[in-house]
Amino acid sequence: GNSGKLLFNFSAKATAAAKSVSIQADGKILVGGSSDNNFAVVRLLPTNGTFDSTFNGTGVAIITIPTIKGQGVSEPGANAMTIQPDGKII
């Protein structure tokens, strides 16, 4: 990164926010947050901060949060996350 910051785009039209960071046992970096009002998780390689293509094929996983008759989640996203001992992300 530049001056301790890493800026990246994972969608040309996304409004995104990072809200949570976790480090896996192998050093890979998980960044959770939101993208265009969807839940988003990005996995980065520890050596250079690039997307880890072994994670969901692109390094990015975006899960749509459905709305039901206008009663959706007001600010969806990963506000916090952790990694279980078995490696699963919660």
Side-chain angles (χ1 to χ4, degrees):
N2 184 6
S3 300
K5 296 183 258 183
L6 176 64
L7 303 175
F8 54 84
N9 290 324
F10 54 86
S11 174
K13 61 180 182 172
T15 301
K19 300 178 181 180
S20 178
V21 176
S22 291
I23 308 296
Q24 293 182 298
D26 60 3
K28 292 179 181 173
I29 305 159
L30 292 168
V31 180
S34 61
S35 172
D36 287 336
N37 293 321
N38 294 306
F39 178 90
V41 178
V42 174
R43 187 163 73 183
L44 306 169
L45 296 173
T47 53
N48 58 11
T50 58
F51 292 111
D52 178 3
S53 63
T54 65
F55 182 71
N56 199 39
T58 61
V60 178
I62 298 176
I63 298 99
T64 301
I65 310 284
T67 58
I68 301 171
K69 295 184 182 180
Q71 297 181 10
V73 178
S74 62
E75 292 185 33
N79 292 317
M81 75 179 149
T82 191
I83 302 163
Q84 296 182 153
D86 64 2
K88 292 181 181 176
I89 304 162
I90 55 171

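In this chain, numbering begins with 1 at the start of the sequence shown.
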Exercise for the section: Classify the side-chain pair T58/N56 by whether it contains a donor and acceptor separated by less than 3.5 Å. Expected result: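 There is no such pair (donor and acceptor under 3.5 Å, judged by atom type) between the side chains of T58 and N56.
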
Problem - Spacing of I62 atom CD1 and S34 atom OG [to the nearest 0.5 Å] - result: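 With rounding to 0.5 Å, CD1 (I62) is 10.0 Å from OG (S34).
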
Practice task
Compare every heavy atom of A18 with every heavy atom of V31, then report the nearest pair and how far apart it is.
Solution key: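 Reported closest heavy-atom pair: CG1-CB, 3.6 Å.
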
Exercise for the section: Scan I90, I89, V21 and name whichever one has a side chain to side chain contact (heavy atoms under 4.5 Å, CB included) with M81. Expected result: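 Considering I90, I89, V21, a side chain to side chain contact (heavy atoms under 4.5 Å, CB included) with M81 is found only for I89.
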
Handout entry: Partner of K28 under side chain to side chain contact (heavy atoms under 4.5 Å, CB included), chosen from T54, L44, T47, I83
Key =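 By the side chain to side chain contact (heavy atoms under 4.5 Å, CB included) criterion, K28 pairs with just one of T54, L44, T47, I83: T54.
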
Exercise for the section: Treating Ile, Leu, Val, Met, Phe, Trp and Tyr as nodes and any side-chain heavy-atom pair under 4.5 angstrom as an edge, say whether I23 and L45 lie in one connected cluster. Expected result: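 Hydrophobic grouping puts I23 apart from L45.
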
